Protein chains: 2
Amino acid sequence: MIGGSELERLLRGAALRVTRPRVAVLAAVRDHPHIDTESIIGVVRERVGAVSHQAVYDVLRVLTTAGLVRRIQPAGSVARYEARVGDNHHHVVCRSCGAIADVDCAVGFAPCLTAADDAGYTIDEAEVVYWGQCTDCARQGRTGPAAEQRTVHSHEQPT
Amino acid sequence: MIGGSELERLLRGAALRVTRPRVAVLAAVRDHPHIDTESIIGVVRERVGAVSHQAVYDVLRVLTTAGLVRRIQPAGSVARYEARVGDNHHHVVCRSCGAIADVDCAVGFAPCLTAADDAGYTIDEAEVVYWGQCTDCARQGRTGPAAEQRTVHSHEQPT
DNA sequence: CTCACTTTCTGGAATGAATCAAGACACCGG
DNA sequence: CCGGTGTCTTGATTCATTCCAGAAAGTGAG
């Protein structure tokens, strides 16, 4: 394995072995913000051919642990992954279709960690999820619960 | 079914039939803030005797839909339920043991719904989860991932 | 009180997201 | 090239939640 792409450098930089499934998973997550596990599996298989779902789960776990990928799981939803890491951003989730979009932090890192009353806990992260309805569902008059779409929607890339 | 307890009045007020499983579930959730489904099942069975787990799930769904109970599901956790509804409070979750505590909203209802950039979404709720470590785990030097304790902890009632 | 309608619960089954585990295979440093 | 060790394959399993047909219970009207 000589030289290599940016993704390979990212993996090596995180002291991870460079494998085809890993490169493919990382690429899939970078290309599709907030993508769910099953979709990743689909995209990876298109790129690399047969890859077991267990391998994908393992890769995602490793990438998440290494900080190359972030895992989010809004209530009632399967796990989703994004490549935007290391900044203090939040998410807005559509109650109807499950679409997710990034939202920048409004108050800044330090204030964000200051709860009115932290109950004695040592807080290290404030996760904010804004729940509402996306423009597509609003336009189509959808009021049902999240359909948990597993296809990649174009409106998941507004940021 | 004559007269009745406060719980019965609550149920009737929500146009729900009063059944023993429902009363028991509602009591369990009120007595144990942030209790998970399996624990509810255990508590209900102690109170009423054999109750199917399907019944408990159905009751929780009905109570949640009626607004008598609130369902929360921090990332990586099973569903938890609480009786504190109708106010704008948030939660702090312990990464080590999974304990959850209430945290009052620091900014007020309206500001809370104002995202820096809402990506065109119509926002109706801002869910804030503060992640950190509780005093018990900090004292015991625990750093492992949430053990997802299913027993009822006394330190889940600081508020 | 009785009865009938409708809802709720029982008991069995199913789903799907994620994980476990043994062993074959691939990566990569010496 | 080789060997050590991590990673992926393949088969299996777990578990939280939901589906479903029918029996049982709640309750309002007469």
Side-chain angles (χ1 to χ4, degrees), chain A residues 1-4 7-9 11-26 35-42 44-45 47-66 71-81 98 145-150, chain B residues 1-4 7-9 11-12 14-26 35-42 44-45 47-66 71-81 98 145-148 150:
Chain A
M1 260 312 198
I2 308 179
L7 302 189
E8 290 179 2
R9 272 186 276 112
L11 288 167
R12 291 207 177 85
L16 297 178
R17 291 196 184 195
V18 176
T19 65
R20 289 163 62 81
R22 283 179 177 177
V23 172
V25 168
L26 189 51
I35 187 171
D36 65 284
T37 314
E38 190 180 350
S39 299
I40 295 175
I41 292 172
V44 166
R45 283 176 178 167
R47 283 199 169 124
V48 184
V51 173
S52 67
H53 79 271
Q54 298 95 318
V56 173
Y57 274 102
D58 188 62
V59 168
L60 286 167
R61 179 182 58 77
V62 168
L63 295 181
T64 301
T65 302
R71 180 181 191 276
I72 58 176
Q73 189 176 23
S77 166
V78 295
R80 315 285 279 263
Y81 296 86
E148 190 56 35
Q149 299 289 343
R150 292 203 177 84
Chain B
M1 250 327 197
I2 307 181
L7 302 189
E8 291 179 1
R9 271 187 277 109
L11 288 167
R12 290 208 179 82
L16 297 178
R17 291 194 186 194
V18 177
T19 65
R20 288 165 62 81
R22 283 182 176 173
V23 172
V25 168
L26 190 50
I35 187 171
D36 66 285
T37 315
E38 189 180 354
S39 299
I40 295 175
I41 292 172
V44 166
R45 282 177 180 167
R47 283 201 171 123
V48 186
V51 172
S52 68
H53 76 270
Q54 300 96 317
V56 173
Y57 275 101
D58 186 63
V59 169
L60 286 167
R61 179 182 58 77
V62 167
L63 294 182
T64 302
T65 302
R71 182 182 190 274
I72 59 178
Q73 189 177 21
S77 165
V78 296
R80 315 284 279 263
Y81 296 86
E148 190 59 34
R150 295 206 175 85

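For clarity, every value in this text was computed on a predicted model and none was experimentally measured.
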Return the value, rounded to whole Å, for the distance between atom CD of A:Glu8 and atom P of C:dA26.
17 Å

Once you round it to whole Å, what is the distance between P of C:dT7 and CG of B:Leu16?
12 Å

Distance, rounded to the nearest Å, where A:Arg9 contributes CZ and C:dC28 contributes P:
15 Å

Does a side-chain N or O of A:Arg22 approach OP1 or OP2 of D:dT7 to a distance below 4.0 Å, or not?
yes

Side-chain donor/acceptor of A:Thr65 to backbone N/O of A:Arg61, under 3.5 Å
yes

Contacts of type side chain to side chain contact (heavy atoms under 4.5 Å, CB included), residue A:Val62, not counting sequence neighbours:
A:Leu16, A:Arg22, A:Asp58

A:Ile72 has an atom CD1; how far is it from atom P of C:dA17, in whole Å?
16 Å

For B:Arg12 and C:dT7, what is the distance between atoms CZ and P respectively, to the nearest whole Å?
17 Å

Looking at B:Gln73 and A:Gly76, would you say the former's side chain and the latter's main chain have a donor-acceptor pair under 3.5 Å?
yes

Can you sort out which residues in residues 50-65 of chain A have a heavy atom within less than 4.0 Å of DNA chain C? Ascending by number, please.
A:His53, A:Gln54, A:Tyr57

Any donor and acceptor pair, going by atom type alone, linking the side chain of A:Arg45 with main-chain N or O of A:Val51 inside 3.5 Å?
yes

Take the C1' atoms of the five end pairs on each side of the helix from C:dC1-D:dG30 to C:dG30-D:dC1, get both axes, and report the angle to 10 degrees.
30°

Send over the distance from B:Arg80 CZ to D:dT17 C1', rounded to a whole Å.
16 Å

Taking the side chain as every heavy atom from C-beta outward, state whether B:Val78 and B:Thr37 have any pair of such atoms under 4.5 Å apart.
no

Ignoring hydrogens and angles, are the base of C:dT6 and the side chain of B:Arg17 linked by a donor-acceptor pair under 3.5 Å?
yes

Atom of B:Ala24, atom of B:Val48 and distance for their closest heavy-atom approach
CB-CG2, 3.3 Å

In Å, rounded to the nearest 0.5 Å, how long is the span from OH of A:Tyr81 to CD1 of A:Ile40?
6.5 Å

At less than 4.0 Å, is any side-chain N or O atom of A:Thr19 found next to OP1 or OP2 of D:dC8? Yes or no.
yes

If you take all heavy atoms of B:Pro74 and B:Ile72, which pair is closest and at what distance?
CD-C, 3.9 Å

In this structure, CG of A:Asp36 is separated from OG of A:Ser77 (nearest 0.5 Å) by 7.5 Å

Could you state the CD-C1' distance from B:Glu38 to D:dC15, rounded to the nearest angstrom?
9 Å

Spacing of A:Leu11 atom CG relative to C:dA26 atom P, expressed in whole Å:
18 Å

